[in-house]
Protein chains: 2
Amino acid sequence: MTTLSQLPLPPDAGGAQALATTLAHAILSGKWASGETFPRERDLCEHFSASRNRVRNALAELSGSGLIDRTAGRGTVVRDIEDWHLLDPQMSEWMAGLEAPHPQLVREVFAFRLSAEPFVSELAALAATGQDLARIESALVGMCESAADPARREEHAEHDVAFHDAIYRASHNLVWRQMGLLLRPSIVALIQHSHHQAGSLDDSLDRHRQVFDAIRLRDPEAARDATERVLARTAADLGVENGARQLQRPASLPL
Amino acid sequence: MTTLSQLPLPPDAGGAQALATTLAHAILSGKWASGETFPRERDLCEHFSASRNRVRNALAELSGSGLIDRTAGRGTVVRDIEDWHLLDPQMSEWMAGLEAPHPQLVREVFAFRLSAEPFVSELAALAATGQDLARIESALVGMCESAADPARREEHAEHDVAFHDAIYRASHNLVWRQMGLLLRPSIVALIQHSHHQAGSLDDSLDRHRQVFDAIRLRDPEAARDATERVLARTAADLGVENGARQLQRPASLPL
DNA sequence: CTATACGAAATGTCTGACATTTACCGCAAG
DNA sequence: CTTGCGGTAAATGTCAGACATTTCGTATAG
């Protein structure tokens, strides 16, 4: 699979970050297998008609996200997917911008959400402030308003992301909060792949509202159950295997 | 708190990465408040007698981890702790290398472990392979062997990290697996701050062994309970407020 | 008092050269 | 035939200087 530098993508006019995005998308699309040697700086410079500086800065970003490993003398090799820094916000951005989402990554991220998000909702129900509730409600309203019009799917997706992210924020823990950034690629993939029949959408909105109500009423168990139902609906829309096994037993109350 | 460039740290002889570490430690130590302007490239070059290239590469790393925000014309400003990329492996490394751990971060990371790790153990009990079990057991043996000698505290800490990391890996989910990297700073802080009386250590080892046994026997509930007991012990050694309280009110900021 | 234009200051980019590390190949001794 | 040594090529890392671009403050004309 030694894809040559000609195949990947035509040149790019933006700054170093744009170049990094182009290269990252190529790697995430699986154009190079793990362990394979990446093109040399010189070739990249020529192919993209960019200065070595821009190329090096772009490669430094990829290296920082664990996509590649560079060592003087040996060259640049693509790292295994297990070494990628999935939690790097930059990575989430790249994944969300991908038109054909990486199937394994979507599965892994969704499996994570399936196991963790009900618990995050529990935390949110315990710790949410008035501001948090306002943020969640605002996102919910946005989802409802943009639900009817099929032309506003992207806007709907943004509100969907905002809804779940607001719940992560409401946990009032910096680590959980950071993880809210994982949502975007997962939800974007959902929007692009599901046909969102009207009935399914109404059902989804109703389940989201139940999550909000449970958090507002400070009922952790109800929040957990409602979140499980939202994710079950999402799993169905995504066509993912039913996560019943994973949903079966999230840790409920502390000792 | 506009700490001048002279105060922070004496020069550094290593590569760009070493310089980044020095600067990151300075920021993590709170030498600059959030929103404050960071020294200019020129000054850093002079102070560390480094080329602008090295300084720029180092600053690029800090920027990639969300510690600083650079914009042409305005300069470099330190970002708020809420914007730091806590899940970036680089960040964990920097935190672990800090001699005086950031108190809030230690609290937040531990609060996260307290809420998430019992659940991870459940997943591990369901998904662990023979290789996973071997890894966990190997770490456990290492902990026991290095427990007696107080001179091998660092080695003991490494085995401790390996033990918990192996459990995250055994969940067989890439996202959870990445999060195992958060353990190192937390455990290093534990080793440095607790006096580890002999009785406490024996108790800790026993609790770790119970976690291993539960996972080996594929008993999720037992694994969860045992992990909660390990973390309760850790909380006691760390001097953190009783874990139950944290589970109900994860972090700071009441309304 | 407002709006525009200029200029200082900071980061971003380009170019060319040199340093350092690594892998590969040939060669000679055992 | 194998082993050990050295040399060369290739790739990344670093340095140095100049220029481009963005931003903000300030002075000035209206």
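Quick note on labels: first sequence line is chain A, next is B, and so on, each numbered from 1.
Rounded to a whole Å, the CG atom of N53(A) is 7 Å from the P atom of dC14(C). Put simply, CZ on R42(B) is 12 Å from C1' on dT11(C), counting in whole angstrom units. Protein atom CD of E61(B) is 11 Å distant from nucleotide atom P of dG13(D), rounded to whole Å. Per the geometry, CG belonging to N57(B) stands 12 Å off P belonging to dT13(C), to the nearest Å. Rounded to an integer number of Å, the gap from R70(B) CZ to dA9(C) C1' is 14 Å. The distance from atom CZ of F38(A) to atom C1' of dT12(D) is 15 Å, rounded to the nearest whole Å. The distance from atom CD1 of I68(B) to atom P of dA10(C) is 15 Å, rounded to the nearest whole Å. As rounded to whole Å, 14 Å separates atom C1' of dT20(C) from atom CZ of R54(B).
Side chain of S146(B) to main chain of G142(B): a donor-acceptor pair is present (N/O by atom type, distance under 3.5 Å, no hydrogens or angles). A donor-acceptor pair under 3.5 Å is absent between the side-chain atoms of E158(B) and the main chain of R153(B), judged by distance alone.
Positionally, the nearest nucleotide of DNA chain C for A16(A) lies more toward the 5' end than for the other of A16(A) and G73(A).
Comparing dC14(C), dT12(D), dT14(D) by their nearest atom to the side chain of A72(A) picks out dT12(D).
Across all strands shown, R52(B) has heavy atoms under 4.0 Å from base atoms, whether or not it also approaches the sugar-phosphate. Among the heavy atoms of the strands lying under 4.0 Å from R56(B) is at least one base atom, whether or not backbone atoms are also near.
A donor-acceptor pair shorter than 3.5 Å can be found between the side chains of S186(A) and R113(A).
The side chain of T76(B) contributes an N or O atom lying less than 4.0 Å from OP1 or OP2 of dT11(C). Between T71(A) and dT22(C) there is no side-chain N or O to OP1 or OP2 distance below 4.0 Å. One finds no side-chain N or O of R40(B) lying less than 4.0 angstrom from the OP1 or OP2 phosphate oxygen of dT11(C). OP1 and OP2 of dT21(C) both lie 4.0 Å or more from every side-chain N or O belonging to R74(A).
Taking the six-membered ring where tryptophan is involved, the planes of Y168(A) and W176(A) are tilted, since the angle between them lies from 30° to 60°.
With respect to the salt-bridge test (charged N to carboxylate O, under 4.0 angstrom), the residues R70(B) and E41(B) qualify.
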